[in-house]
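Below, chains carry the letters A, B, ... as their sequence lines are ordered, and counting in each starts from 1.
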Protein chains: 2
Amino acid sequence: MAKHRITITDIAKEMGVTPSTVSRALAGNERVSLKTRERVIAVAKDMGYQPNVLASSLRSGRSDTIGMIVPRINRHFFSNVISGVEAILNPAGFNLLICQSHERVEDERKAIHSLLSNRVGGIIISHSVETKSFNHYNEVLAEDIPLVQFDRVTDEIGGPRIVNDNFLGGMRSTRHLIKNGCKRIAHFAGSLHVNVYKERFDGYKYALEKAGIVFDSSLVVDNCILQDSGSQAVEILLRSEKIDGVFAASDFSALGAIKKLKEMKVVIPGEVKVTGFANEPFSDLVDPALSSVEQNAFEMGTQIARLIMENIGKESIPDEEIHVPVRLIVRESSLSGNSEIRIKKDF
Amino acid sequence: MAKHRITITDIAKEMGVTPSTVSRALAGNERVSLKTRERVIAVAKDMGYQPNVLASSLRSGRSDTIGMIVPRINRHFFSNVISGVEAILNPAGFNLLICQSHERVEDERKAIHSLLSNRVGGIIISHSVETKSFNHYNEVLAEDIPLVQFDRVTDEIGGPRIVNDNFLGGMRSTRHLIKNGCKRIAHFAGSLHVNVYKERFDGYKYALEKAGIVFDSSLVVDNCILQDSGSQAVEILLRSEKIDGVFAASDFSALGAIKKLKEMKVVIPGEVKVTGFANEPFSDLVDPALSSVEQNAFEMGTQIARLIMENIGKESIPDEEIHVPVRLIVRESSLSGNSEIRIKKDF
DNA sequence: CTGTTAGCGCGTTCAG
DNA sequence: CTGAACGCGCTAACAG
């Protein structure tokens with residue numbers, strides 16, 4: 001029934017010293033004799049002391065919790081980035097306060113406020129797809145809290161940005177399709193005001209150009225990143241166009257395309273080849289297995305964590321863009337008989 | 001460059017009142033005149049005031065952040081439970097501090113300490129698979145912090161437990177296989193000291209018994225919840241045993257079984273029928289589509305959130321076990337030609 | 001090496 | 001209806 005939490009004052013009284021000494025001892029301050037330090041630690045443990053980080057942060061002005069805002073936590077990519085972030089932050093004594101924006105700018109704004117109220121030491125964010133203006137970040141920047149953007153980023157906000165090389169991913173996928181014989185390649189794009197989708201699209205165009213294939217805008221389907229829209233898109237396209245390849249900016253729309261093509265008795269990869277993006281866990285499991293671009297989410301997370309820890313307490317934060325490499329994983333869905341085979345196992 | 005955060009004192013000075021009044025006004029205290037209340041709120045907004053929840057919690061002894069510990073955040077089930085929890089907690093003004101145990105009891109212990117140090121108002125936990133003793137929860141209970149267990153639970157700790165009806169799920173899956181003609185059904189089990197796997201196993205045994213099939217322990221494979229172990233298990237089993245059905249406690253081992261069976265040219269569901277558990281996103285996508293038990297993770301999350309909010313501040317916490325219903329989703333992998341068909345679409 | 005003093009920002013008495 | 005005073009638990013000056 002000990003509702004009373006042990007404080008440093010309690011253990012100070014117990015030992016006949018002052019709270020300051022206890023505080024210093026627990027902080028490992030060298031100016032306290034080794035003997036008292038050890039005694040303090042022993043007594044603290046004995047009495048079941050739990051430091052009150054609220055009081056500590058309030059007094060010191062520093063905080064060991066970092067805020068993180070992602071569109072959705074139950075997406076393979078984001079949950080793995082989070083894991084990567086925690087893998088570095090937790091051992092270093094930091095906590096992560098995670099918020100979801102649910103792809104809504106209003107929730108994103110609320111999350112920012114909530115994190116500021118919690119006096120987090122830094123903020124990590126990937127913007128919602130709705131977010132097009134960024135004035136709700138002024139407060140964050142004004143308070144000199146390090147802000148690290150990742151994946152969905154904007155250069156309207158200063159500070160570091162960690163992103164995949166989406167351009168390269170788009171280019172390599174498209175080039176791969178071309179090398180395997182595709183002449184008319186459709187692209188299922190996401191919202192083009194979002195950097196990641198814009199860059200994948202740019203990579204696609206670049207690869208076409210380099211191969212001497214003229215870009216045809218009627219082969220580009222906008223806002224096509226879900227399974228259903230992928231199915232619809234491929235069905236509509238095949239009515240009027242002759243395509244032999246699809247580069248989808250998302251594995252989900254690629255999957256939708258595959259399912260619809262099978263339904264329509266179109267042979268994959270024989271008649272139409274398909275590649276996706278993100279290397280979702282299911283991509284390895286569908287039939288035919290889907291070629292996709294691996295984003296190395298966990299590694300991205302570790303880099304984000306290191307970056308934010310570096311910048312805590314610093315005055316000015318460097319304005320850099322860091323690229324995490326991507327890797328095209330070639331599977332059955334995009335292979336012509338005579339081509340390279342690289343299979344990756346998941347789980 | 002305003003490094004200084006606005007406090008209630010700042011806005012008090014600005015208005016020529018005392019901090020007390022501002023504090024009361026912002027709290028919506030009726031004893032402050034409506035006029036000053038409105039003025040305070042206006043000025044606060046104007047000056048860009050952000051309440052300091054650290055100071056607030058420190059003073060009031062209450063906390064609006066809830067801690068949550070899960071084995072891994074990047075598992076479909078857990079990330080959806082988290083989403084459900086946040087869907088209720090956030091609108092109510094609570095924050096969620098999420099920790100991962102990585103299935104290690106040591107990390108679980110650390111997470112508990114970290115949450116206690118952060119003076120969370122409540123703790124939500126699903127135990128790691130390693131956790132077999134529970135004395136590290138004594139401190140939590142001693143401090144009268146509400147503790148809600150979910151999914152992986154133990155009755156060695158008091159308080160509410162929210163779990164799926166795993167027994168029912170196991171029983172229905174097995175019964176379904178029996179009804180579809182299976183006579184010798186293998187079970188791929190998880191660690192049996194974990195409640196969820198134990199109960200699925202018990203449901204399996206119960207269904208066999210009810211159908212007059214004698215239980216044969218040589219058809220049970222322990223510790224078989226990953227894709228690889230599922231593949232291995234089915235291969236080894238088929239060497240010595242004749243089986244016509246597999247009830248796996250995990251979709252991953254079920255998937256491994258399916259892949260290996262296809263490799264061995266065993267026809268599914270013709271010669272062997274397979275069911276899994278958890279309705280992972282891929283289950284709908286593999287070939288043949290995998291029958292599985294849907295756990296309603298999001299709904300479980302909302303119930304957890306409601307429960308913990310109810311119990312904050314209460315003296316004694318009721319000692320109940322709440323069951324979240326499960327639903328067997330029948331797909332191709334377990335159907336005999338003449339049976340019910342219910343397909344569920346995901347994404 | 002240790003004690004003293006003074007807050008961090010806020011909520012809550014107790015007066016008036 | 002509002003002000004004055006105090007303290008939540010801790011850290012950080014300044015002494016000695």
K.L.:
Heavy-atom nearest nucleotide on DNA chain C for B/Pro19 versus A/Ser33: which residue maps closer to 5'?
P.N.:
A/Ser33
K.L.:
Taking the side chain as C-beta and beyond, is there a heavy-atom pair between B/Asn195 and B/Arg152 under 4.5 Å?
P.N.:
yes
K.L.:
Could you tell me the separation between the CG atom of B/Leu54 and the C1' atom of C/dC8, rounded to a whole number of Å?
P.N.:
10 Å
K.L.:
Classify the side chain of B/Arg5 versus the base of C/dG9 as yes if they form a donor-acceptor pair under 3.5 Å and no if they do not.
P.N.:
no
K.L.:
Start at the 5' end of DNA chain D and walk down; is the nucleotide closest to B/Val17 or to A/Arg59 reached first?
P.N.:
B/Val17
K.L.:
Using a cut-off of strictly less than 4.0 Å between a heavy atom of the residue and any atom of DNA chain C, enumerate the qualifying residues of residues 21-30 of chain B by number.
P.N.:
B/Ser23, B/Arg24
K.L.:
Checking only heavy atoms, does the side chain of A/Ser20 share a donor-acceptor pair with the base of D/dA12 at less than 3.5 Å?
P.N.:
yes
K.L.:
Do you see a donor-acceptor pair shorter than 3.5 Å between the side chains of A/Ser114 and B/Asn95?
P.N.:
yes
K.L.:
Have a look at A/Pro160 and tell me which of A/Ile308, A/Asp319, A/Val148 forms a side chain to side chain contact (heavy atoms under 4.5 Å, CB included) with it.
P.N.:
A/Val148
K.L.:
What is the distance, rounded to the nearest whole Å, between atom CZ of A/Arg31 and atom C1' of D/dC14?
P.N.:
10 Å
K.L.:
Between B/Ser56 and C/dC10, does any side-chain N or O lie under 4.0 Å from OP1 or OP2?
P.N.:
no
K.L.:
Could you tell me whether B/Arg119 contacts a base, only the sugar-phosphate backbone, or nothing, with contacts defined as non-hydrogen atoms closer than 4.0 Å?
P.N.:
nothing
K.L.:
Any side-chain heavy atom of A/Val140 sitting closer than 4.5 Å to one from A/Leu115?
P.N.:
no
K.L.:
Tell me which pairs pass side-chain hydrogen bond (donor to acceptor under 3.5 Å, both in side chains) where either residue lies in residues 15-33 of chain A, with sequence neighbours left out.
P.N.:
A/Thr18-A/Thr21, A/Ser33-A/Thr36
K.L.:
For B/Tyr137, what residues pass the ring-ring contact (aromatic ring centres under 6.0 Å, His included) criterion, not counting sequence neighbours?
P.N.:
B/His127
K.L.:
Hey, does the side chain of B/Thr9 come within less than 4.0 Å of C/dC10's phosphate (OP1/OP2), counting only N and O?
P.N.:
no
